[in-house]
Amino acid sequence: MHAGEPDGPDGPYGSWPSPIDAALAAALDGRPEYVGTLGGEVWWTEPRPAEGGRRALVRLRAEGGPEESVLPAPWNVRSRVVEYGGRPWTGVPRGERGPLVVFVHFADQRLYAYEPDVPGAVPWPLTPLSGVGGGLRWADPVVRGAEVWCVLEEFTGPAPTDVRRVPAAVPLDGSAAEDRSAVRELTDDRHRFTTGPRISPDGRQAAWLVWDHPRMPWDGTELKLAEVTETGGLDRIRTVLGGPEEAVAQVEWAADGSLLAVSDRSGWWNPYRVDPGTGAAVNLCPREEEFGGPLWKTGLGWLAPLPAGPVAVLHGQGASVLGILDPETGDLVDVAGPWTAWQPTLAVAGSRVYGVAASPRSGYEVVELDTATGWARVVGGRRAQPVDPSYYPEPQSRTFLGPDDREIHAHVYPPHHPARRAPADELPPFVVWAHGGPTDHVPPVLDLHIAYFTSRGIGVVEVNYGGSTGYGRAYRERLREQWGVVDVEDCAAVARALAAEGTADPDRLAIRGGSAGGWTTAASLAATELYACGTIIYPVLDLRGFAEETHDLESRYIDSLAGPPDTLAVRCRERSPLARADRITAPFVLLQGLDDVVCPPAQAERFLAALRDRSVPHAYLAFEGEGHGFRRAETMIRALETELALYVRTFGLTRTDVPPLDLAGPDLA
């Protein structure tokens, strides 16, 4: 018998036994990222929660065989450019010597080169250990001759905003490892943010994206194009697409030398062919669908040209599917298979396309499509089915109506167990999940963190509230200057609708979220008495404090979310959970990483101080060594079990698989 007494065919919601425990959910957390091809091989990065949360670089050889980890622990292939990172590796095949790989090591953020097939070889550093302001970071690399072209991020002072970014060239011979001056900066075009250069097939041109504060990359970006000189410099730099009101999410070169880009100039991210001379852009597939997304990290990719001319694209509303686009006719054929959501990472080798996809019955895995036959198959990243899939929930993608009859998209995961049922007269408890970003979205795919609750009899609904991506520019701009209002209202509208239709128990509703979702959770607890409790995870809690304390990328994010600096004090009083802490009466747990530089723990500490003289039941768990997003298995286990213990206590559930939760006050991990 599994944990969670009592046993038997019937039992109240929330009391069911489940084989999906917190350790299992933690062990399978995360997904493959940054797929690439080297010759006939496929490479990617994937998480290792049991190894301190490091990212391993994995290869699958052309002749088949098992996946191989390229570098042993503690090598951690992950960049910290703009804190969220970017593509951390690249490589080139080198005949009998095997591939040459260039990667970023998380611990010191240096670029390294490595020849994994050369006996006795070890990685050698390509970049200096530190910069003037204490840090050099690198991302989005590509090998060009004897250099690596990439993004250079350099901190010039003590403040998070004392930073500059520029396309740069790093010598492969290691001469810059002790000499910062050996790194060539490719442009003095001083934009705040940049992606890495994409080099044309003939090597004569380079293209990249830039944007500046106060814009975020989904507000407005510019596509830059330059001539590559004989000495490897960039000349005649010009803007050929984009601007303050047009977000270009990706640029790539096709094999025939044509320039492709993903732009939202129509109100939807669609694929375009761009004339390098005139900047004229032709929409290759005009649809009210998204062929792109938010550029939270450099090196994301929603399209990948094939050598023969077609273009692999990710597209859809709310979730992406893989299709093959004929750029001449606009015909688009989708890939057959069970996968309902694809991540923005694509790679091409000949007639084959590689990506990362998931479904409601499978987690994210590396998928290969043979465009010659139309056959798609899983080639890597697959996890063995840890439990009987009959324990997995079946998502229901639905549209609800909110204030002013506005549409709200959500995925409903009712409680589900193959051998248990609740009494006919009982309604299940439900938890509203508010995603992070907030300029992001969640697709309907298998998530064992959700299954952890649904298999025990607790429903979950993920809300893609106004402001979410995946539904066009107008939908994501609903949140403009309305953060803390629209997101709170939309989550509440979905919760009330589920209660009104008899899907959820109106007296046992909860809300939870991390990062921006943590803001929505805390703001919801302050704005309404709808929820019986909440789980607040590495949150934003103070608008003004966030603008002053967070990292550079999001230091002006508040301008679009809440309003310009001259209105911030008023909006803070009206919406910030810190300013409205006196309105919170529902129990909550607050989970925080002590190394978080995006949402620093100072926010949580000020929020708890504001509650010090009030009798609101709560617990605070602070985790050393964790940043923005938990990566260590032991942290995720503690967090999940604490969240379940909150629901056990608040909803009056009977369970034996989690210890009782003390909500008297701080509980430091």
Side-chain angles (χ1 to χ4, degrees), residues 33-34 45 47-48 51-57 70-91 101-114 122-143 147-172 174-186 192-197 296-300 550-555 593-598 600 625-629 631-632:
E33 288 185 304
Y34 302 115
T45 69
R48 295 282 192 266
E51 298 177 22
R54 80 178 183 105
R55 299 288 304 192
L57 183 59
V70 178
L71 294 155
W75 291 105
N76 187 352
V77 183
R78 179 179 154 216
S79 169
R80 283 189 62 185
V81 164
V82 300
E83 294 302 339
Y84 292 119
R87 187 174 184 85
W89 77 274
T90 190
V101 183
V102 176
F103 67 94
V104 179
H105 179 43
F106 180 75
D108 58 18
Q109 286 301 291
R110 301 174 86 178
L111 271 178
Y112 288 81
Y114 180 45
V122 295
W124 68 89
L126 301 181
T127 56
L129 192 58
S130 64
V132 175
L136 293 170
R137 298 175 182 176
W138 316 84
D140 212 4
V142 60
V143 175
E147 294 181 319
V148 181
W149 285 23
C150 58
V151 175
L152 159 62
E153 180 179 79
E154 183 172 25
F155 286 84
T156 58
T161 53
D162 294 335
V163 60
R164 55 189 294 272
R165 300 173 188 88
V166 65
V170 177
L172 272 170
S175 58
E178 304 295 336
D179 182 7
R180 165 67 177 82
S181 66
V183 176
R184 293 194 306 119
E185 297 190 6
L186 295 172
R192 191 76 176 192
F193 301 95
T194 182
T195 65
W296 280 104
K297 306 175 182 179
T298 62
L300 300 182
T550 192
H551 63 138
D552 186 54
L553 174 67
E554 295 182 81
S555 62
L594 290 177
D595 293 346
D596 194 338
V597 296
V598 177
E626 291 283 11
H628 198 67
R631 288 180 167 82
R632 298 179 176 181

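- Inter-residue side-chain proximity for T156 and V163 is flagged as unmet; no heavy-atom pair is nearer than 4.5 Å.
- Taking the centre of each ring, F103 and W75 come in below the 6.0 Å mark.
- Side chain of R48 to backbone of A56: no donor-acceptor contact under 3.5 angstrom is found.
- A side-chain donor-acceptor contact under 3.5 Å links D162 to the backbone of A159.
- You'll find the side chain of P128 reaches within 4.5 Å of the side chain of L136, heavy atoms only.
- A side-chain donor-acceptor contact under 3.5 Å links E626 to the backbone of R632.
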Derivation and outcome, side chain to side chain contact (heavy atoms under 4.5 Å, CB included), residues H105 and L71: CA-CA 11 Å; H105 179 43; L71 294 155; over 6 Å; no
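- A distance of 6.5 Å separates CH2 in W149 from CZ in R184, rounded to the nearest 0.5 Å.
- Under the side-chain contact (heavy atoms from CB on, under 4.5 Å) rule, V102 has a single partner from V170, V142, T90, which is T90.
- No more than 12 heavy atoms of other residues, nucleotides or ligands shown are found within 6.0 angstrom of CD on E178.
- Under the 3.5 Å distance criterion, the side-chain polar atoms of N76 are matched with a main-chain donor or acceptor of R55.
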Run the side chain to side chain contact (heavy atoms under 4.5 Å, CB included) test on R137 and V151 for me, step by step, so that the C-alpha distance in whole Å, both residues' side-chain angles and the decisive distance to 0.1 Å come before the verdict. CA-CA 8 Å; R137 298 175 182 176; V151 175; over 6 Å; no
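- For the residue pair R110 / T127, no side-chain donor-acceptor distance below 3.5 Å is found, with atom types taken as modelled.
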If you apply the rule salt bridge (charged side-chain N to carboxylate O under 4.0 Å, His left out), what do you find for R180 with E154, and how did you get there? CA-CA 11 Å; R180 165 67 177 82; E154 183 172 25; 3.2 Å; yes
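- Side-chain atoms of P160 and D552, non-hydrogen and from C-beta on, never get closer than 4.5 Å to each other.
- Residues V77 and Y34 fail the side-chain proximity criterion, which asks for heavy atoms closer than 4.5 Å.
- In this structure, R164 pairs ionically with E185, as a charged nitrogen and a carboxylate oxygen lie closer than 4.0 Å.
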Run the side chain to side chain contact (heavy atoms under 4.5 Å, CB included) check on L126 and L172 step by step: do they pass? CA-CA 6 Å; L126 301 181; L172 272 170; 4.1 Å; yes
Go through K297 and E83 one step at a time and tell me if the salt bridge (charged side-chain N to carboxylate O under 4.0 Å, His left out) criterion holds. CA-CA 9 Å; K297 306 175 182 179; E83 294 302 339; over 6 Å; no
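- Put simply, OG1 on T298 and CZ on F193 are 12.0 Å apart, with the number rounded to the nearest 0.5 Å.
- A 4.5 Å side-chain heavy-atom check between R80 and V597 finds at least one atom pair inside the cut-off.
- When atom types are taken as modelled, the side chain of S79 and the backbone of W138 share a donor-acceptor pair closer than 3.5 angstrom.
- Residues W89 and V104 have side chains not in contact (no heavy-atom distance under 4.5 Å, counting atoms from C-beta outward).
- Judged by the 6.0 Å and 45° rule, R78 forms a cation-pi pair with F106.
- Of the possible donor and acceptor atoms, one in the side chain of E153 sits under 3.5 Å from a partner among the backbone N and O of V82.
- With hydrogens and angles disregarded, a donor-acceptor distance shorter than 3.5 Å links the side chain of T550 to the backbone of V598.
- With rounding to the nearest 0.5 Å, the separation of OG1 in T195 from CZ in R87 is 13.0 Å.
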